Amino acid sequence: MESTRRGLCHLLFLSVMLAAPAAPGQEPSAETPEYAEIEPLAERSLLLAGARQGGLLAAAGEHGHILTSRDAGRTWKQALVPTRATLTGIYFHDESLGWAVGHDATILRTRDGGDTWERIYYAPEEERPFLDVWFRDAEVGYAIGAYGFFLHTGDGGDSWTARQFEAEELVPEAEDEGADESDERWFEEDEWGDELGADYHLNHISRAADGRLYVAAEAGHVYRSDDGGDTWLGLPSLYEGSFFGTLPLDGDSLLVFGLRGHLFRSEDGGASWRELEVPTQAMLTDGLRLADGTIVITGLGGVLLLSRDHGHTFELLQREDRKGIQTALPTDSGALILVGEAGLVRLTTEKLSRAGAASGDGGAVR
Amino acid sequence: MRLAPLLARIEKLIFGNRPWIIALFVATTLAMAVVAVRGLHIDAGFTKLLPLKHEYMQTFVEHRAEFGGANRVLIAVMARDGDMFTPDFFESLKIATDEVFFIPGVDRSRVSSLWTPNTRFTEVVEDGIAAGNVIPADFAPTPEGLDQVRKNILKAGIVGRLVASDFSGAIVSAQLLERYADTGEPVDLVQVSHQLEEKVRDRLQDYGLDVAIDQSFGGVDVHMIGFAKVIGDITDGAGRIVLFFAVAFLVTAILVYIYTQSVKLTVIPLLCSLGAVIWQLGLLTLLGYGIDPMGILVPFLVFAIGVSHAVQMVSATRAEVFDGLDSSAAARASFRKLLAPGFIALASDTIGFITILLIEIRVIQEMAVSASLGVAVIILTNLVLLPVLLSYLTYSEAYRRKLVARAEALDAVWRRLARVAERRTAAKVILVAVGLLVFGAWKGAEIKIGDLHRGVPELRPDSRYNLDSEVISDRFSIGVDIMSVIVETMADGCIDYEAMTGIDRFAWRMANVEGVQSVITLPVIAKVISAGWNEGAMKWRVLSRDPQVLQQATAYVETSSGLLNRDCSVMPVMLFTADHKAETIAEIVAQVKAYREANPSDKLTFRLATGNVGVMAATNEEVSASQFPILMYVFSAIILLCWITFRSLRAVLCIVIPLGLVSLLAYALMTLLEIGLKVSTLPVVALGVGVGVDYGIYIYSRFRSIVAEGKSIPAAYLQTLKITGVGVVFTGVTLAIGVASWIFSPLKFQADMGILLTFMFLVNMLGAILLLPALACWMFPERKAGQQSPAG
């Protein structure tokens, strides 16, 4: 097997991303928004984010699709959305107030439980997407995205301020391994790395029960905020590949996962890590904990990793269609809604438990 | 009438120079035979099947050079035991790959299978992208080696494309060249098809029986699809029509013999009709046409029509002989009596066939030309040569007695039949006809345009090809029904955000149209590639506004993918459809047009349509646009000719009403049998009308001349039946039996044509002998019909 390597710039100091958007609070682009087409197959389209708040389930994805369900994911209704941009993040504060973010630096807000949306931020000239959104309460929230894109609001999204995403390092990082040489060059040398600093993609934001926030980012970076997002700490990492999600567990326990089936566990809020061996090399995309305590990690290639021992060992449940799963939503009925390449797929409890028990070649690996 | 002196002169000219006439015919026939044998060729071409002037096909023609790459063959090698990860399977697949590679006409650089070096995988690793051949250079068929290949297959994302979705087999895909590399001749698709059968299918079906590496190996099945295979199979099937022709000829000969009870009277009409066929083939060759698999039926049709007229001539001559004339005078008399109606009938046929020219599809137009030529020739062979030959015959007294005895035996039948010319019975017949009319109008209105069944419509649903096609679309994610909407934009359109997004939106709209199963187009692929450049993260499956990023996302897509042209100014949107039923196609076409209208763009032009379903869309529209004009013209021509001949409204009504009813019933039959109205069946209706009019004209003209002699209607009809009717019934049955054999053709369209023609021959015959007199008896004054001026 030939292999090519991209020399990644490992910076010792994480830091700084500056976004210089137009005056906060205003719609930077005068373009009148085009509404997403209401299409029968919206439920089967590429969906990239999901949210659950009480009895409300919501998912968002390409072509400006947002779908909501109030019957535990049995039926879905496509919302009236004033964008056709690909949406990548959605968050609900309660059953009526919510936000969604996506490409073209789009931020949307709903006040009626996701039936209708307004566009509250839009900056296609940024040429970088938001990748996730999270709100502390009805007022304060963050939209995060590519190249260190980090926007803050204090008024429920009426106005947004670009913040420098600065992180102090918690523990010095491991040395750079250096790059291998190869004949076949798939990537050009990174032009941005040195000059702009660590404008890493901020992929995913999650909140632990104790209020700590975690951000999973590109190139092995994980950040933690102990004060609700005001200041950030760069956590040490054993891995140079990208992380796509974190799943805070009880106490200071934490799972972080990403490229090529890499899954790490920390018992001390990210100060130290241990790699868990899992039976897949697929990219892991998101994690969640079901009511019965089962931990589910979703991944590309139809991968579901299930843990019934609080995230110490995982077994593989691979979907036959091998379609990528971006995230999953638990429901009151116990069924699991898979959100991803195949759109919305409802996995009943029986299927979940039976498949787990029967998964022969997966097996629990420690 | 003015016609009489002219006829007399023609008669004198012909019968005064009998030896010369015969010599002339023999010489011409020989010459035509030589021309035909030397020059006639099977001429199957794809473009001939297309309505080239149709808007959609203009798109096809314009972009054929760039996206003509439809000429691909897929060879699926399937493990019989359902597991491809065995050493023997890989060996079989290697043999298939190698054999395909060496078949002349295959573009060697574009053969791909697991075994070819162009089948690679890439995977995102921590620090970039890793790549390699799916079957590595050091592959060994060990469990470990096979396992490595299995992993590589997954990474390469070729499951469903080159590898069956359930890992039960794999595909060798090959692109065919336009011309042979060495000679520059166009690639012979039939030859390619045969080579695939011999070198791949035959060889691999037996693999494993003796040479298996592992004794438990169950062997492989080979399934092949592609345009070359379709053409090969159609041509092979069409070749068998020669057999049908032979069968039909034999059946006809036997029946003619039973009818005439004389070898000479059997041989002469058959020879004359065969002569017409030879002339027709010769003329075709002289005009530079070949025989198309679809038009191969025409010679038979010509033969059939020839026999029909010959039988009339024989019956008429015989009747004159039995009335006391000598054979020469009898031949002359029947020539005199039949030349006009025969000529009119054949002229109507010819005009009927010529109207088919309206359908702007080459193969159909060729059929029209060849059929009208053939029918025109019959005027010479069967209305001129035949009576001349008959005039040399003598009829023995024994023969006469034999026929008289038979006529007496049949007399009761004719008497019963003649009752339809009595008003009470006639009323019942007319009532039944009205009932049928209503039924025909009801069912006929439900006729479907286009192809109604799965698979390649020219072949039967259970043909080898269509079964292969089903297996392949079943086990692989390969759609066989494709409509490509061609999107034209400016050069470098694929790095233009607006253009790409416009196409992407169109593609998504189309994906939501009922009947569309999936959509592939460059923007959709580019989005996936974009995600690939971002570690495979699905949140990056977007079209960037940055031209450089779009460049990166599209640069690796080759033009051979059929997704873009060289300067990226044209990008097809491939719609894979659930089936190719006319409604499905019409809905998709309507939605494309609606989208186009609702989303005008200066940058993008959405043009319908190529792909097999695009062709069907155009053909369906062409067929449905020309079906009414064709019938209108055919009927107008017949009405006009009948009017000119008989100068009477009732003649026109008596002849045309049964024909109209039969056409309507033919439509109803098509609905009932689920035969769609399409390129191959639309002409049949016109051809059928042409044949039916012969019967009507012969019966009507004889009937009227007897009525004019002063007989009562039923008596006149009885006599008509005895002279003309018997011939009509005989030919109707004979021709029906002849064409019925086509029903067993391996080609679906021939079978459909066979069914329809059989129906047309039979039911037109019934219409002429039952409905025509029934109508006549209510239209003529009840007592006597002397008032009509006797006319030709």
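Not measured: the values here are computed from a predicted model. Residue numbers begin at 1 in each chain, while the letters A, B, ... track the order of the sequences.
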Student: Does A:Glu275 have more than 12 heavy atoms from other residues, nucleotides or ligands lying within 6.0 Å of its CD?
Tutor: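 Enclosed: over 12 neighbouring heavy atoms sit under 6.0 Å from CD of A:Glu275.
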Student: Any side-chain heavy atom of B:Arg541 within less than 4.5 Å of one from A:Leu46?
Tutor: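 Answer yes - side chains close enough.
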Student: Are any side-chain N or O atoms of A:His103 and backbone N or O atoms of B:Lys539, one a donor and one an acceptor, separated by less than 3.5 Å?
Tutor: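 Yes.
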Student: With a 4.5 angstrom heavy-atom cut-off, could you sort out which part of B:Ala537 is near chain A: side chain, backbone, both or neither?
Tutor: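 For B:Ala537, the contact with chain A is made by backbone and side chain together.
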Student: Is it the backbone or the side chain of A:Leu131 that comes under 4.5 Å from a heavy atom of chain B, or both, or neither?
Tutor: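 Backbone plus side chain of A:Leu131, per the 4.5 Å heavy-atom cut-off to chain B.
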Student: Got a second to check how far B:Ser165's OG is from A:Arg322's CZ, nearest 0.5 Å?
Tutor: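 Reported to 0.5 Å precision, the distance equals 11.0 Å.
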Student: Pick one of side chain, backbone, both or neither for A:Pro40, based on which atoms fall under 4.5 Å of a heavy atom in chain B.
Tutor: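 Both backbone and side chain.
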Student: side-chain contact (heavy atoms from CB on, under 4.5 Å) with B:Met538: which of A:Lys323, A:Glu62, A:Gln326?
Tutor: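 That would be A:Gln326.
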Student: Against chain B, label A:Ser45 side chain, backbone, both or neither, depending on which of its atoms sit under 4.5 Å from a heavy atom there.
Tutor: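 Both parts, backbone and side chain.
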Student: Take A:Arg84 and B:Trp508, measure what side-chain contact (heavy atoms from CB on, under 4.5 Å) needs, and give me the verdict at the end.
Tutor: CA-CA 12 Å; A:Arg84 291 193 195 173; B:Trp508 171 239; over 6 Å; no
Student: With a 4.0 Å cut-off, would you call B:Arg545 and A:Asp104 a salt bridge?
Tutor: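 Yes.
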Student: May I ask you to check whether over 12 heavy atoms, not counting those of B:Lys603, lie within 6.0 Å of atom NZ?
Tutor: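 More than 12 heavy atoms, drawn from other residues, nucleotides or ligands, come within 6.0 Å of this atom.
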Student: For B:Trp540 and A:Ala146, work out which heavy atoms get closest and say how close.
Tutor: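 Looks like CH2-CB, 3.4 Å.
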Student: With a 4.5 angstrom heavy-atom cut-off, which part of A:Ile325 approaches chain B: side chain, backbone, both or neither?
Tutor: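 For A:Ile325, the backbone is the part near chain B, not the side chain.
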Student: Heavy-atom cut-off 4.5 Å, strictly under: side chain, backbone, both or neither for A:Arg44 against chain B?
Tutor: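 Contact with chain B: none, neither part.
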Student: Tell me whether B:Lys527 at atom NZ has more than 12 heavy atoms from other residues, nucleotides or ligands lying less than 6.0 Å away.
Tutor: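 Buried by this count: over 12 neighbours within 6.0 Å.
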Student: Could you check whether atom CD of B:Glu498 has more than 12 heavy atoms from other residues, nucleotides or ligands sitting under 6.0 Å from it?
Tutor: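 Open.
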Student: Among A:Glu37, A:Glu34, A:His63, find the residue that satisfies the side chain to side chain donor-acceptor pair (under 3.5 Å) test when tested with B:Arg505.
Tutor: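 Answer to the side chain to side chain donor-acceptor pair (under 3.5 Å) test with B:Arg505 among A:Glu37, A:Glu34, A:His63: A:Glu34.
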Student: Of the non-hydrogen atoms in A:Leu41 and B:Asn512, which two are nearest, and what is the gap between them?
Tutor: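 Where A:Leu41 meets B:Asn512 most closely, the heavy atoms are N-OD1, 2.7 Å.
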Student: What part of A:Leu48 is in contact with chain B, defined as an atom under 4.5 angstrom from a non-hydrogen atom: side chain, backbone, both or neither?
Tutor: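 For A:Leu48, heavy atoms of backbone and side chain both lie under 4.5 Å from chain B.
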